[in-house]
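See below for the structure under consideration.
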Amino acid sequence: MDFFDCNAAYGVPSVPPFKPATAVEDLLEEMAWCGIARALVRHAALDNESPQTGNRVVVEETAPHASLHPTWAILPTQTGELGALEEFLAAMREAGVRALWAFPSKHRYTLDAVTCGDVLSALSERRIPLFIQRGETSRGLTGWELAGALLKEFPSLVLVVTGHGSWGEDRYFRPLVEAYEGLHVDTSRYELDGGIVDFCRKYGPGRLLFGSAFPNTSPGGAMLTLAHADISDEDRLLIAAGNLDRLLAEAQP
Amino acid sequence: MTNDSPLVAEFFATGKAADCPVIDCHAHYGPFQAIYFPKVTPEAMIDSRDRAGVRCVICSGHAALVDPARGNAEMADVVRRFPERFRAYMALNPNYPDNLREELARFDELGGFVGLKFLSDYHRYPITGEAYTPAYEFAQERELPILMHTWGGSAYDSPQQVAEVASRYPTIPILMGHSGHGDWEGAMRTALDHPRVYLELCAAYAVHGVVETFCQRVGSERVLFGTDLPWFDPHYGIGCVLQSRITDQDRHNILHRNAEGLFAGKLP
Ligand SMILES: [Zn+2]
(Lines give C-alpha, C1' and ligand atoms only; values in the text may rest on other atoms or scores of the structure.)
Protein backbone atom coordinates (compact mmCIF):
# COMPACT_ATOMS: atom_id res chain seq x y z
CA MET A 1 0.00 0.00 0.00
CA ASP A 2 1.30 3.43 -1.00
CA PHE A 3 1.51 5.59 2.13
CA PHE A 4 2.18 9.31 1.56
CA ASP A 5 2.72 10.87 5.00
CA CYS A 6 1.41 14.44 5.20
CA ASN A 7 2.89 15.16 8.62
CA ALA A 8 6.52 14.17 9.18
CA ALA A 9 9.44 16.13 10.57
CA TYR A 10 13.09 15.84 11.46
CA GLY A 11 15.77 18.13 12.86
CA VAL A 12 16.85 19.37 16.27
CA PRO A 13 14.01 20.93 18.27
CA SER A 14 14.89 22.82 21.45
CA VAL A 15 13.02 20.21 23.48
CA PRO A 16 13.58 16.84 21.84
CA PRO A 17 10.84 14.24 21.53
CA PHE A 18 11.35 10.93 23.35
CA LYS A 19 13.25 9.47 20.38
CA PRO A 20 14.45 12.26 18.12
CA ALA A 21 15.03 12.09 14.39
CA THR A 22 17.72 14.72 14.06
CA ALA A 23 18.93 13.99 10.53
CA VAL A 24 17.05 13.44 7.30
CA GLU A 25 18.49 9.90 7.31
CA ASP A 26 16.65 9.15 10.57
CA LEU A 27 13.37 10.00 8.88
CA LEU A 28 14.23 7.97 5.79
CA GLU A 29 15.23 5.01 7.95
CA GLU A 30 11.90 5.08 9.82
CA MET A 31 9.96 5.38 6.55
CA ALA A 32 11.80 2.36 5.19
CA TRP A 33 11.26 0.40 8.42
CA CYS A 34 7.51 1.01 8.38
CA GLY A 35 6.94 1.03 4.63
CA ILE A 36 6.05 4.68 4.09
CA ALA A 37 6.84 5.51 0.47
CA ARG A 38 6.72 9.32 0.55
CA ALA A 39 6.45 12.15 3.04
CA LEU A 40 5.65 15.82 3.18
CA VAL A 41 8.39 17.06 5.47
CA ARG A 42 9.17 20.01 7.67
CA HIS A 43 12.42 20.75 9.44
CA ALA A 44 12.34 21.31 13.20
CA ALA A 45 14.03 24.66 12.61
CA LEU A 46 10.83 25.85 10.97
CA ASP A 47 9.04 26.37 14.24
CA ASN A 48 11.93 26.07 16.72
CA GLU A 49 14.39 28.49 15.14
CA SER A 50 12.99 30.58 12.33
CA PRO A 51 11.09 30.13 9.08
CA GLN A 52 14.01 31.70 7.26
CA THR A 53 16.27 28.84 8.41
CA GLY A 54 13.69 26.07 8.31
CA ASN A 55 12.53 26.99 4.81
CA ARG A 56 16.09 26.97 3.49
CA VAL A 57 17.45 23.87 5.23
CA VAL A 58 14.56 21.58 4.38
CA VAL A 59 14.94 22.26 0.67
CA GLU A 60 18.70 21.68 0.74
CA GLU A 61 18.48 18.48 2.73
CA THR A 62 15.51 16.85 1.01
CA ALA A 63 16.72 17.69 -2.52
CA PRO A 64 18.63 14.40 -2.99
CA HIS A 65 15.60 12.32 -1.91
CA ALA A 66 12.71 12.00 -4.34
CA SER A 67 10.51 10.51 -1.60
CA LEU A 68 10.66 13.69 0.51
CA HIS A 69 8.64 16.81 -0.30
CA PRO A 70 9.65 19.98 1.56
CA THR A 71 7.22 22.35 3.27
CA TRP A 72 7.67 25.93 4.40
CA ALA A 73 6.11 28.29 6.92
CA ILE A 74 4.35 31.58 6.21
CA LEU A 75 4.90 34.87 8.03
CA PRO A 76 2.99 38.14 7.77
CA THR A 77 4.27 40.05 4.75
CA GLN A 78 4.31 43.41 6.57
CA THR A 79 7.75 42.73 8.07
CA GLY A 80 9.09 41.46 4.75
CA GLU A 81 11.22 38.67 6.21
CA LEU A 82 10.21 36.16 3.55
CA GLY A 83 10.14 38.78 0.81
CA ALA A 84 7.10 40.30 -0.84
CA LEU A 85 4.23 37.90 -1.42
CA GLU A 86 5.00 37.48 -5.15
CA GLU A 87 8.66 36.82 -4.35
CA PHE A 88 7.71 34.24 -1.74
CA LEU A 89 5.41 32.43 -4.17
CA ALA A 90 8.08 32.53 -6.87
CA ALA A 91 10.59 31.05 -4.43
CA MET A 92 8.09 28.29 -3.62
CA ARG A 93 7.74 27.44 -7.30
CA GLU A 94 11.50 27.45 -7.70
CA ALA A 95 12.02 25.14 -4.71
CA GLY A 96 9.14 22.78 -5.55
CA VAL A 97 7.27 23.62 -2.35
CA ARG A 98 3.53 22.99 -2.61
CA ALA A 99 2.31 23.12 0.98
CA LEU A 100 2.82 25.57 3.83
CA TRP A 101 2.56 25.67 7.62
CA ALA A 102 1.34 28.41 9.94
CA PHE A 103 2.79 28.60 13.45
CA PRO A 104 1.10 31.77 14.74
CA SER A 105 1.85 31.14 18.42
CA LYS A 106 5.51 30.16 17.96
CA HIS A 107 6.14 32.88 15.37
CA ARG A 108 4.08 35.43 17.31
CA TYR A 109 1.60 36.92 14.88
CA THR A 110 -2.15 36.99 14.48
CA LEU A 111 -3.50 34.53 11.98
CA ASP A 112 -6.44 36.52 10.66
CA ALA A 113 -7.60 38.66 7.74
CA VAL A 114 -6.04 41.87 9.05
CA THR A 115 -2.56 40.43 9.50
CA CYS A 116 -2.45 37.67 6.89
CA GLY A 117 -5.23 38.64 4.49
CA ASP A 118 -2.94 38.94 1.46
CA VAL A 119 -1.23 35.63 2.12
CA LEU A 120 -4.41 33.72 2.95
CA SER A 121 -6.24 35.15 -0.08
CA ALA A 122 -3.38 34.08 -2.32
CA LEU A 123 -3.33 30.59 -0.81
CA SER A 124 -7.10 30.30 -1.27
CA GLU A 125 -6.95 31.39 -4.92
CA ARG A 126 -3.96 29.22 -5.72
CA ARG A 127 -5.30 26.23 -3.74
CA ILE A 128 -2.07 25.95 -1.77
CA PRO A 129 -2.74 23.79 1.32
CA LEU A 130 -2.03 25.44 4.66
CA PHE A 131 -1.18 23.09 7.53
CA ILE A 132 -1.69 24.00 11.15
CA GLN A 133 -1.10 21.97 14.28
CA ARG A 134 -4.06 21.39 16.56
CA GLY A 135 -2.18 22.98 19.48
CA GLU A 136 -1.46 26.34 17.81
CA THR A 137 -3.14 29.41 19.26
CA SER A 138 -3.97 32.79 17.76
CA ARG A 139 -6.42 35.58 18.63
CA GLY A 140 -7.21 33.76 21.85
CA LEU A 141 -8.41 30.72 19.93
CA THR A 142 -6.88 27.27 19.78
CA GLY A 143 -7.30 24.27 17.55
CA TRP A 144 -10.71 23.80 16.01
CA GLU A 145 -11.95 27.20 17.16
CA LEU A 146 -9.01 28.84 15.42
CA ALA A 147 -9.60 26.70 12.32
CA GLY A 148 -13.28 27.71 12.36
CA ALA A 149 -12.48 31.42 12.67
CA LEU A 150 -9.95 31.20 9.86
CA LEU A 151 -12.31 29.35 7.54
CA LYS A 152 -15.10 31.81 8.28
CA GLU A 153 -12.86 34.54 6.86
CA PHE A 154 -11.39 32.40 4.08
CA PRO A 155 -14.05 29.78 3.27
CA SER A 156 -12.22 28.40 0.24
CA LEU A 157 -8.87 27.97 2.01
CA VAL A 158 -7.46 24.43 1.87
CA LEU A 159 -6.68 23.94 5.56
CA VAL A 160 -5.19 20.78 7.05
CA VAL A 161 -5.37 20.46 10.82
CA THR A 162 -2.83 17.93 12.11
CA GLY A 163 -2.43 15.93 15.26
CA HIS A 164 -5.81 16.30 16.82
CA GLY A 165 -5.84 14.95 20.34
CA SER A 166 -6.43 11.31 21.05
CA TRP A 167 -9.33 12.48 23.18
CA GLY A 168 -12.05 12.28 20.55
CA GLU A 169 -12.68 15.57 18.81
CA ASP A 170 -15.37 14.66 16.32
CA ARG A 171 -17.87 16.92 18.08
CA TYR A 172 -15.53 19.81 17.32
CA PHE A 173 -14.40 19.13 13.78
CA ARG A 174 -17.36 17.45 12.08
CA PRO A 175 -19.41 20.69 12.03
CA LEU A 176 -16.45 22.44 10.38
CA VAL A 177 -16.11 19.63 7.84
CA GLU A 178 -19.77 20.15 6.95
CA ALA A 179 -19.42 23.93 6.74
CA TYR A 180 -16.13 24.24 4.84
CA GLU A 181 -15.11 22.04 1.97
CA GLY A 182 -11.44 22.98 2.29
CA LEU A 183 -11.03 21.55 5.78
CA HIS A 184 -8.92 18.41 5.97
CA VAL A 185 -7.77 16.38 8.96
CA ASP A 186 -4.69 14.20 9.30
CA THR A 187 -5.05 10.72 10.77
CA SER A 188 -1.91 10.68 12.92
CA ARG A 189 -3.94 10.70 16.13
CA TYR A 190 -7.38 9.84 14.80
CA GLU A 191 -7.33 6.74 16.98
CA LEU A 192 -11.05 6.67 17.69
CA ASP A 193 -12.31 3.11 17.36
CA GLY A 194 -14.36 3.00 14.17
CA GLY A 195 -13.68 6.70 13.60
CA ILE A 196 -12.37 6.50 10.03
CA VAL A 197 -15.21 4.20 8.92
CA ASP A 198 -17.87 6.31 10.57
CA PHE A 199 -16.39 9.51 9.14
CA CYS A 200 -16.14 8.09 5.61
CA ARG A 201 -19.75 6.84 5.69
CA LYS A 202 -20.93 10.36 6.40
CA TYR A 203 -18.44 12.56 4.54
CA GLY A 204 -16.60 10.28 2.15
CA PRO A 205 -12.83 9.76 2.24
CA GLY A 206 -11.81 13.10 0.69
CA ARG A 207 -11.09 15.05 3.86
CA LEU A 208 -8.77 12.62 5.59
CA LEU A 209 -5.01 12.55 4.96
CA PHE A 210 -2.70 9.87 6.30
CA GLY A 211 -0.19 11.42 8.70
CA SER A 212 2.34 9.93 11.10
CA ALA A 213 3.30 12.88 13.33
CA PHE A 214 6.77 11.30 13.31
CA PRO A 215 9.06 11.64 15.26
CA ASN A 216 6.71 12.46 18.14
CA THR A 217 4.40 9.60 17.32
CA SER A 218 5.01 6.04 16.22
CA PRO A 219 3.83 5.73 12.59
CA GLY A 220 2.77 2.10 12.96
CA GLY A 221 -0.49 2.93 14.73
CA ALA A 222 -1.96 5.22 12.10
CA MET A 223 -0.73 2.82 9.38
CA LEU A 224 -2.32 -0.36 10.71
CA THR A 225 -5.51 1.50 11.61
CA LEU A 226 -5.94 2.74 8.06
CA ALA A 227 -4.74 -0.51 6.49
CA HIS A 228 -7.58 -2.40 8.20
CA ALA A 229 -10.31 0.20 8.54
CA ASP A 230 -13.61 -1.24 7.29
CA ILE A 231 -13.76 0.94 4.15
CA SER A 232 -13.33 0.20 0.45
CA ASP A 233 -9.80 -0.21 -0.87
CA GLU A 234 -10.47 2.71 -3.18
CA ASP A 235 -11.23 4.97 -0.19
CA ARG A 236 -8.26 3.55 1.71
CA LEU A 237 -5.85 4.47 -1.09
CA LEU A 238 -7.26 7.99 -1.25
CA ILE A 239 -6.63 8.53 2.47
CA ALA A 240 -3.23 6.83 2.33
CA ALA A 241 -1.92 8.93 -0.55
CA GLY A 242 -4.46 9.92 -3.21
CA ASN A 243 -6.01 12.88 -1.41
CA LEU A 244 -2.62 14.42 -0.69
CA ASP A 245 -1.48 13.79 -4.26
CA ARG A 246 -4.58 15.61 -5.48
CA LEU A 247 -4.12 18.57 -3.11
CA LEU A 248 -0.49 19.00 -4.14
CA ALA A 249 -1.37 18.69 -7.83
CA GLU A 250 -4.03 21.38 -7.48
CA ALA A 251 -1.67 23.78 -5.68
CA GLN A 252 -0.46 26.56 -7.98
CA PRO A 253 2.14 28.67 -6.17
CA MET B 1 9.19 -2.41 4.83
CA THR B 2 12.62 -3.23 6.28
CA ASN B 3 10.92 -4.46 9.45
CA ASP B 4 11.09 -8.11 8.42
CA SER B 5 9.17 -9.67 11.33
CA PRO B 6 6.79 -12.42 10.15
CA LEU B 7 4.34 -11.39 12.87
CA VAL B 8 4.28 -7.81 11.59
CA ALA B 9 3.79 -9.01 8.02
CA GLU B 10 0.85 -11.18 9.07
CA PHE B 11 -0.84 -8.37 11.01
CA PHE B 12 -0.45 -5.93 8.12
CA ALA B 13 -1.69 -8.48 5.59
CA THR B 14 -4.73 -9.78 7.50
CA GLY B 15 -5.29 -7.43 10.43
CA LYS B 16 -4.51 -10.16 12.94
CA ALA B 17 -2.16 -13.07 13.56
CA ALA B 18 -3.26 -16.63 14.20
CA ASP B 19 -0.72 -17.34 16.93
CA CYS B 20 -1.05 -13.96 18.59
CA PRO B 21 -4.46 -13.86 20.31
CA VAL B 22 -4.29 -10.37 21.78
CA ILE B 23 -5.47 -9.65 25.32
CA ASP B 24 -6.52 -6.08 26.00
CA CYS B 25 -5.86 -5.39 29.68
CA HIS B 26 -7.25 -1.86 29.73
CA ALA B 27 -10.64 -1.27 28.20
CA HIS B 28 -13.88 0.40 29.15
CA TYR B 29 -17.53 0.10 28.29
CA GLY B 30 -20.46 2.44 27.66
CA PRO B 31 -20.76 6.08 26.60
CA PHE B 32 -18.63 8.78 28.23
CA GLN B 33 -19.09 12.51 28.63
CA ALA B 34 -16.08 13.72 26.68
CA ILE B 35 -16.11 11.73 23.49
CA TYR B 36 -18.23 10.45 20.62
CA PHE B 37 -17.94 6.67 20.30
CA PRO B 38 -19.11 5.20 16.97
CA LYS B 39 -18.75 1.65 18.36
CA VAL B 40 -20.05 1.65 21.90
CA THR B 41 -22.18 -1.51 22.27
CA PRO B 42 -20.65 -4.81 23.40
CA GLU B 43 -21.43 -6.24 19.94
CA ALA B 44 -19.64 -3.36 18.20
CA MET B 45 -16.67 -3.74 20.53
CA ILE B 46 -16.51 -7.45 19.69
CA ASP B 47 -16.52 -6.57 15.98
CA SER B 48 -13.51 -4.25 16.43
CA ARG B 49 -11.71 -6.91 18.40
CA ASP B 50 -12.44 -9.63 15.86
CA ARG B 51 -10.97 -7.44 13.15
CA ALA B 52 -7.74 -7.12 15.17
CA GLY B 53 -7.52 -10.61 16.65
CA VAL B 54 -8.21 -9.45 20.20
CA ARG B 55 -9.40 -12.52 22.07
CA CYS B 56 -10.44 -10.94 25.35
CA VAL B 57 -10.77 -7.49 26.89
CA ILE B 58 -10.81 -6.59 30.56
CA CYS B 59 -13.07 -3.58 30.98
CA SER B 60 -14.21 -1.11 33.57
CA GLY B 61 -17.53 0.51 32.81
CA HIS B 62 -17.46 4.28 32.29
CA ALA B 63 -20.57 4.43 34.44
CA ALA B 64 -18.79 2.46 37.16
CA LEU B 65 -15.93 4.96 37.22
CA VAL B 66 -18.42 7.64 38.21
CA ASP B 67 -21.09 5.73 40.11
CA PRO B 68 -19.80 2.26 41.01
CA ALA B 69 -23.08 1.13 42.54
CA ARG B 70 -24.87 1.31 39.19
CA GLY B 71 -21.93 0.86 36.82
CA ASN B 72 -20.32 -2.27 38.25
CA ALA B 73 -23.61 -4.14 38.03
CA GLU B 74 -23.98 -3.01 34.41
CA MET B 75 -20.46 -4.18 33.64
CA ALA B 76 -21.01 -7.55 35.31
CA ASP B 77 -24.10 -7.95 33.16
CA VAL B 78 -22.03 -7.50 29.99
CA VAL B 79 -19.63 -10.23 31.14
CA ARG B 80 -22.61 -12.49 31.87
CA ARG B 81 -23.96 -11.91 28.35
CA PHE B 82 -20.58 -12.41 26.62
CA PRO B 83 -18.60 -14.73 28.91
CA GLU B 84 -16.24 -15.82 26.14
CA ARG B 85 -15.16 -12.29 25.23
CA PHE B 86 -15.32 -9.99 28.27
CA ARG B 87 -13.89 -9.81 31.76
CA ALA B 88 -14.09 -6.82 34.05
CA TYR B 89 -12.34 -4.73 36.65
CA MET B 90 -14.47 -3.61 39.55
CA ALA B 91 -14.24 0.19 39.53
CA LEU B 92 -14.01 1.96 42.87
CA ASN B 93 -14.60 5.62 43.72
CA PRO B 94 -12.78 6.55 46.94
CA ASN B 95 -14.87 9.70 47.32
CA TYR B 96 -17.65 7.44 48.55
CA PRO B 97 -15.90 5.23 51.15
CA ASP B 98 -19.08 3.45 52.26
CA ASN B 99 -19.90 2.51 48.68
CA LEU B 100 -16.31 1.35 48.16
CA ARG B 101 -16.76 -1.21 50.94
CA GLU B 102 -20.19 -2.21 49.64
CA GLU B 103 -18.83 -2.81 46.15
CA LEU B 104 -15.98 -4.99 47.45
CA ALA B 105 -18.50 -6.96 49.50
CA ARG B 106 -20.37 -7.94 46.33
CA PHE B 107 -17.28 -8.63 44.20
CA ASP B 108 -18.00 -12.38 44.00
CA GLU B 109 -21.75 -12.09 43.90
CA LEU B 110 -21.73 -9.79 40.85
CA GLY B 111 -19.21 -12.01 39.07
CA GLY B 112 -16.96 -11.48 36.06
CA PHE B 113 -14.39 -9.34 37.86
CA VAL B 114 -10.71 -10.26 37.69
CA GLY B 115 -9.25 -7.14 39.29
CA LEU B 116 -9.89 -3.64 40.59
CA LYS B 117 -9.70 -0.33 38.72
CA PHE B 118 -8.72 3.06 40.16
CA LEU B 119 -9.17 6.33 38.26
CA SER B 120 -7.61 8.59 40.85
CA ASP B 121 -6.79 11.55 38.60
CA TYR B 122 -10.46 11.89 37.70
CA HIS B 123 -11.62 11.25 41.26
CA ARG B 124 -9.03 13.74 42.51
CA TYR B 125 -8.10 11.42 45.34
CA PRO B 126 -4.54 10.06 45.72
CA ILE B 127 -3.82 6.35 45.38
CA THR B 128 -1.89 6.67 48.65
CA GLY B 129 -5.01 7.94 50.48
CA GLU B 130 -6.65 6.20 53.41
CA ALA B 131 -9.98 5.58 51.64
CA TYR B 132 -8.30 3.00 49.39
CA THR B 133 -7.12 0.86 52.33
CA PRO B 134 -10.04 -1.61 52.20
CA ALA B 135 -9.38 -2.07 48.48
CA TYR B 136 -5.66 -2.71 48.99
CA GLU B 137 -6.39 -5.19 51.78
CA PHE B 138 -8.94 -6.95 49.58
CA ALA B 139 -6.49 -7.14 46.66
CA GLN B 140 -3.63 -8.26 48.87
CA GLU B 141 -5.65 -11.09 50.36
CA ARG B 142 -6.59 -12.41 46.92
CA GLU B 143 -3.46 -11.32 45.00
CA LEU B 144 -5.88 -9.45 42.78
CA PRO B 145 -4.43 -7.16 40.09
CA ILE B 146 -5.27 -3.46 40.32
CA LEU B 147 -5.31 -1.37 37.14
CA MET B 148 -4.55 2.23 38.08
CA HIS B 149 -4.82 5.16 35.73
CA THR B 150 -1.36 6.73 36.16
CA TRP B 151 0.05 9.97 34.76
CA GLY B 152 3.42 11.70 35.03
CA GLY B 153 3.36 14.68 37.38
CA SER B 154 -0.08 13.85 38.75
CA ALA B 155 -0.83 14.76 42.34
CA TYR B 156 -3.02 11.65 42.54
CA ASP B 157 -1.40 8.77 40.65
CA SER B 158 2.19 9.52 39.63
CA PRO B 159 4.74 6.71 39.20
CA GLN B 160 6.30 7.82 42.49
CA GLN B 161 2.99 7.34 44.29
CA VAL B 162 2.65 3.92 42.67
CA ALA B 163 6.07 3.09 44.13
CA GLU B 164 4.83 4.13 47.57
CA VAL B 165 1.79 1.85 47.26
CA ALA B 166 3.93 -1.00 45.91
CA SER B 167 6.28 -0.69 48.90
CA ARG B 168 3.32 -0.98 51.25
CA TYR B 169 1.67 -3.84 49.36
CA PRO B 170 4.48 -5.65 47.54
CA THR B 171 2.39 -8.70 46.61
CA ILE B 172 -0.40 -6.86 44.77
CA PRO B 173 0.09 -6.89 40.98
CA ILE B 174 -0.25 -3.25 39.97
CA LEU B 175 -0.87 -2.32 36.35
CA MET B 176 0.31 1.23 35.76
CA GLY B 177 -2.31 2.29 33.23
CA HIS B 178 -0.76 4.54 30.55
CA SER B 179 2.64 3.81 32.17
CA GLY B 180 2.69 7.09 34.08
CA HIS B 181 2.27 8.92 30.77
CA GLY B 182 5.02 11.47 30.19
CA ASP B 183 7.17 10.47 33.16
CA TRP B 184 8.68 7.49 31.37
CA GLU B 185 11.82 7.50 33.52
CA GLY B 186 9.73 7.53 36.70
CA ALA B 187 7.55 4.70 35.42
CA MET B 188 10.55 2.55 34.49
CA ARG B 189 12.17 3.28 37.88
CA THR B 190 9.01 2.18 39.71
CA ALA B 191 8.76 -0.98 37.60
CA LEU B 192 12.44 -1.81 38.14
CA ASP B 193 12.18 -1.29 41.91
CA HIS B 194 8.91 -3.20 42.31
CA PRO B 195 8.69 -6.60 40.62
CA ARG B 196 4.90 -6.77 40.74
CA VAL B 197 4.39 -3.45 38.96
CA TYR B 198 3.58 -3.66 35.24
CA LEU B 199 3.82 -1.01 32.51
CA GLU B 200 0.47 -0.89 30.70
CA LEU B 201 0.77 0.69 27.27
CA CYS B 202 -2.58 2.34 26.54
CA ALA B 203 -1.83 5.76 24.96
CA ALA B 204 1.85 5.32 25.88
CA TYR B 205 2.37 3.17 22.77
CA ALA B 206 1.82 6.20 20.54
CA VAL B 207 4.94 7.96 21.83
CA HIS B 208 7.66 7.00 19.40
CA GLY B 209 10.40 4.96 21.07
CA VAL B 210 8.67 4.31 24.39
CA VAL B 211 7.79 0.65 23.73
CA GLU B 212 11.30 -0.32 22.71
CA THR B 213 12.84 1.58 25.63
CA PHE B 214 10.55 -0.22 28.08
CA CYS B 215 11.64 -3.54 26.56
CA GLN B 216 15.33 -2.66 26.68
CA ARG B 217 15.40 -1.19 30.16
CA VAL B 218 12.69 -3.06 32.07
CA GLY B 219 12.03 -6.11 29.86
CA SER B 220 9.05 -7.04 27.71
CA GLU B 221 7.88 -9.47 30.44
CA ARG B 222 6.67 -6.46 32.40
CA VAL B 223 4.78 -4.69 29.64
CA LEU B 224 1.05 -5.18 29.04
CA PHE B 225 -1.23 -4.13 26.21
CA GLY B 226 -4.37 -2.01 26.57
CA THR B 227 -6.46 0.24 24.33
CA ASP B 228 -9.12 2.06 26.36
CA LEU B 229 -11.61 0.52 23.91
CA PRO B 230 -14.14 1.89 22.89
CA TRP B 231 -11.80 4.90 22.76
CA PHE B 232 -8.96 3.65 20.60
CA ASP B 233 -8.94 1.32 17.62
CA PRO B 234 -7.08 -1.85 18.70
CA HIS B 235 -5.15 -1.67 15.44
CA TYR B 236 -3.65 1.65 16.49
CA GLY B 237 -1.97 0.30 19.62
CA ILE B 238 -1.08 -3.00 17.96
CA GLY B 239 0.50 -1.12 15.03
CA CYS B 240 2.66 0.90 17.39
CA VAL B 241 3.87 -2.25 19.15
CA LEU B 242 4.51 -4.00 15.83
CA GLN B 243 6.61 -1.18 14.39
CA SER B 244 8.74 -0.79 17.53
CA ARG B 245 12.35 -2.02 17.31
CA ILE B 246 11.73 -5.14 19.39
CA THR B 247 11.70 -8.89 18.76
CA ASP B 248 8.64 -11.01 17.94
CA GLN B 249 9.21 -12.63 21.33
CA ASP B 250 8.74 -9.18 22.91
CA ARG B 251 5.65 -8.56 20.78
CA HIS B 252 4.07 -11.83 21.92
CA ASN B 253 4.90 -11.04 25.55
CA ILE B 254 3.27 -7.63 25.34
CA LEU B 255 0.25 -8.50 23.23
CA HIS B 256 -0.85 -11.64 25.09
CA ARG B 257 1.64 -13.83 26.98
CA ASN B 258 2.17 -11.59 30.01
CA ALA B 259 -1.58 -11.12 30.45
CA GLU B 260 -2.14 -14.88 30.10
CA GLY B 261 0.27 -15.38 33.00
CA LEU B 262 -1.02 -12.55 35.16
CA PHE B 263 -4.68 -13.48 34.80
CA ALA B 264 -4.06 -17.24 34.62
CA GLY B 265 -7.22 -19.25 35.09
CA LYS B 266 -9.43 -16.17 35.08
CA LEU B 267 -9.78 -15.45 31.38
CA PRO B 268 -11.99 -17.32 28.91
ZN1 LIG C 1 -8.72 3.96 30.79
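The chains referred to below are lettered A, B, ... by the order of the sequence lines, with proteins before strands, and numbering in each begins at 1. Because the structure is a prediction, the values reported are computed rather than measured.
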First locate atom [atom1] of [X], then atom [atom2] of [Y], and finally report the distance between them rounded to the nearest 0.5 Å.
{"X": "Leu226(A)", "Y": "His235(B)", "atom1": "CG", "atom2": "NE2", "value": "11.5 Å"}
{"X": "Trp33(A)", "Y": "Thr2(B)", "atom1": "CH2", "atom2": "OG1", "value": "6.0 Å"}
{"X": "Lys19(A)", "Y": "Thr213(B)", "atom1": "NZ", "atom2": "OG1", "value": "7.5 Å"}
{"X": "Leu224(A)", "Y": "Leu242(B)", "atom1": "CG", "atom2": "CG", "value": "6.0 Å"}
{"X": "Asp228(B)", "Y": "Glu191(A)", "atom1": "CG", "atom2": "CD", "value": "9.5 Å"}
{"X": "Glu169(A)", "Y": "Ile35(B)", "atom1": "CD", "atom2": "CD1", "value": "9.0 Å"}

Heavy-atom pairs under 4.5 Å with chain A, option from [options] with the top count:
{"options": "Gln243(B), Arg245(B), Arg51(B)", "answer": "Arg245(B)"}
{"options": "Cys240(B), Gly237(B), Ala44(B), Pro234(B)", "answer": "Cys240(B)"}
{"options": "Gly209(B), Pro38(B), Gly15(B)", "answer": "Pro38(B)"}
{"options": "Ile238(B), Asp4(B), Thr14(B)", "answer": "Thr14(B)"}
{"options": "Val241(B), Val207(B), Asp47(B), Val210(B)", "answer": "Val210(B)"}
{"options": "Ala206(B), Ser244(B), Ser48(B)", "answer": "Ala206(B)"}

Handout entry: Aromatic ring pairing Tyr122(B)/Trp167(A), orientation class (parallel under 30°, perpendicular over 60°, tilted between)
Key = parallel
Interface moiety of [X] toward chain B, non-hydrogen atoms closer than 4.5 Å:
{"X": "Arg174(A)", "value": "side chain"}
{"X": "Phe214(A)", "value": "side chain"}
{"X": "Glu30(A)", "value": "both"}
{"X": "Ala229(A)", "value": "backbone"}
{"X": "Ser212(A)", "value": "neither"}
{"X": "Asn216(A)", "value": "backbone"}

Problem - Worked check of side chain to side chain contact (heavy atoms under 4.5 Å, CB included) between Phe12(B) and Met223(A) - result: CA-CA 9 Å; Phe12(B) 269 87; Met223(A) 291 180 76; 4.0 Å; yes
Practice task
Begin with the C-alpha distance, continue with both residues' side-chain angles, and end with the deciding distance and a verdict on side-chain hydrogen bond (donor to acceptor under 3.5 Å, both in side chains) for Tyr36(B) and Asp198(A).
Solution key: CA-CA 11 Å; Tyr36(B) 161 61; Asp198(A) 192 69; 2.6 Å; yes
Handout entry: Main-chain N/O of Tyr236(B) paired to Thr225(A) side chain as donor or acceptor, under 3.5 Å
Key = yes
Handout entry: Side chain His228(A), main chain Ala52(B), donor-acceptor under 3.5 Å
Key = no
Handout entry: Neighbour count above 12 (heavy atom, 6.0 Å) for Glu181(A) CD
Key = no
Practice task
Answer yes or no: does atom CD of Glu43(B) have more than 12 heavy-atom neighbours from other residues, nucleotides or ligands under 6.0 Å?
Solution key: yes
Exercise for the section: Please lay out, stage by stage, how Phe18(A) and His208(B) fare under the test ring-ring contact (aromatic ring centres under 6.0 Å, His included). Expected result: CA-CA 7 Å; Phe18(A) 186 79; His208(B) 181 59; 8.8 Å; no
Quick check on the interface: out of [options], who has the most heavy-atom pairs with chain B under 4.5 Å?
{"options": "Met1(A), Glu29(A), Arg171(A), Arg189(A)", "result": "Arg171(A)"}
{"options": "Ser218(A), Ala213(A), Gly168(A)", "result": "Ser218(A)"}
{"options": "Gly35(A), Ala222(A), Cys34(A)", "result": "Cys34(A)"}

Problem - Residue-level interface, residues 38-50 of chain A with chain B, non-hydrogen cut-off under 4.5 Å - result: none
Exercise for the section: Quick one: list whatever passes side-chain contact (heavy atoms from CB on, under 4.5 Å) with Ala179(A), sequence neighbours left out. Expected result: none
Problem - Side chains of Asp193(A) and Val40(B) in contact at under 4.5 Å (non-hydrogen atoms) - result: no
